[in-house]
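Because the structure is a prediction, the values reported are computed rather than measured. For the numbers below, each heavy atom of this structure counts, side chains included, while hydrogens, waters and symmetry mates do not.
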Amino acid sequence: AQSKEIFTSVKDLTKSAFDLLKQEKQKFDEGKYDEAVDKVGGLLDNLKSKAEQLEDNRDLLDKIAELEEKRKRLSEDINRELPENYNNTPDERPTMDSSSRKEIENEWEDLVRKTEGLME
């Protein structure tokens with residue numbers, strides 16, 4: 001009974017996580033980088049807490065830890081590239097050179113794809 005409850009909880013989390021990833025991808029595309037990356041961090045925390053309740057969870061926890069590390073690196077890259085006073089307002093679009101932006105977008109896409117893969 002408890003494992004069924006956990007499974008249902010994970011299934012519900014997965015559906016809301018997919019919706020969240022979609023929303024955050026749109027925010028990221030609009031230039032709201034740090035906000036989107038922070039939300040994915042919260043999602044990974046939720047996945048980790050659910051995974052800790054499952055049996056035989058070592059592989060899943062390792063994958064989540066890998067994604068958390070990837071998210072942390074992405075966040076550091078964004079902070080390095082954005083102006084210090086950047087605050088996510090629409091009239092203050094961050095200026096990044098195109099190669100840095102492309103690299104960060106590629107890292108973001110990879111993080112989203114791997115997070116989605118983990119939830120399937």
Whether over 12 other heavy atoms sit under 6.0 Å from K63 NZ = no
About how many Å separate [atom2] of [Y] and [atom1] of [X], when rounded to the nearest 0.5 Å?
X	Y	atom1	atom2	answer
S100	D77	OG	CG	9.0 Å
I64	K50	CD1	NZ	12.0 Å
K70	T115	NZ	OG1	9.5 Å
K72	L44	NZ	CG	13.5 Å

Check step by step if side chain to side chain contact (heavy atoms under 4.5 Å, CB included) holds for K39 and L43.
-> CA-CA 6 Å; K39 286 268 178 78; L43 169 63; over 6 Å; no
Closest non-hydrogen atom pair, A51 against N57 = O-ND2, 3.0 Å
With the side chain counted from C-beta on, respond yes when [X] and [Y] share a heavy-atom pair under 4.5 Å apart, and no when they do not.
X	Y	answer
E68	K48	yes
R71	L74	no
K102	N106	yes

Please name all residues satisfying salt bridge (Lys or Arg N to Asp or Glu O under 4.0 Å) with E103, sequence neighbours left out, ordered by chain then number.
-> none
Which of these, D110, L111, L47, sits in a side chain to side chain contact (heavy atoms under 4.5 Å, CB included) with L67?
-> L111
Short N-O contact, R58 and D62, less than 4.0 angstrom | yes
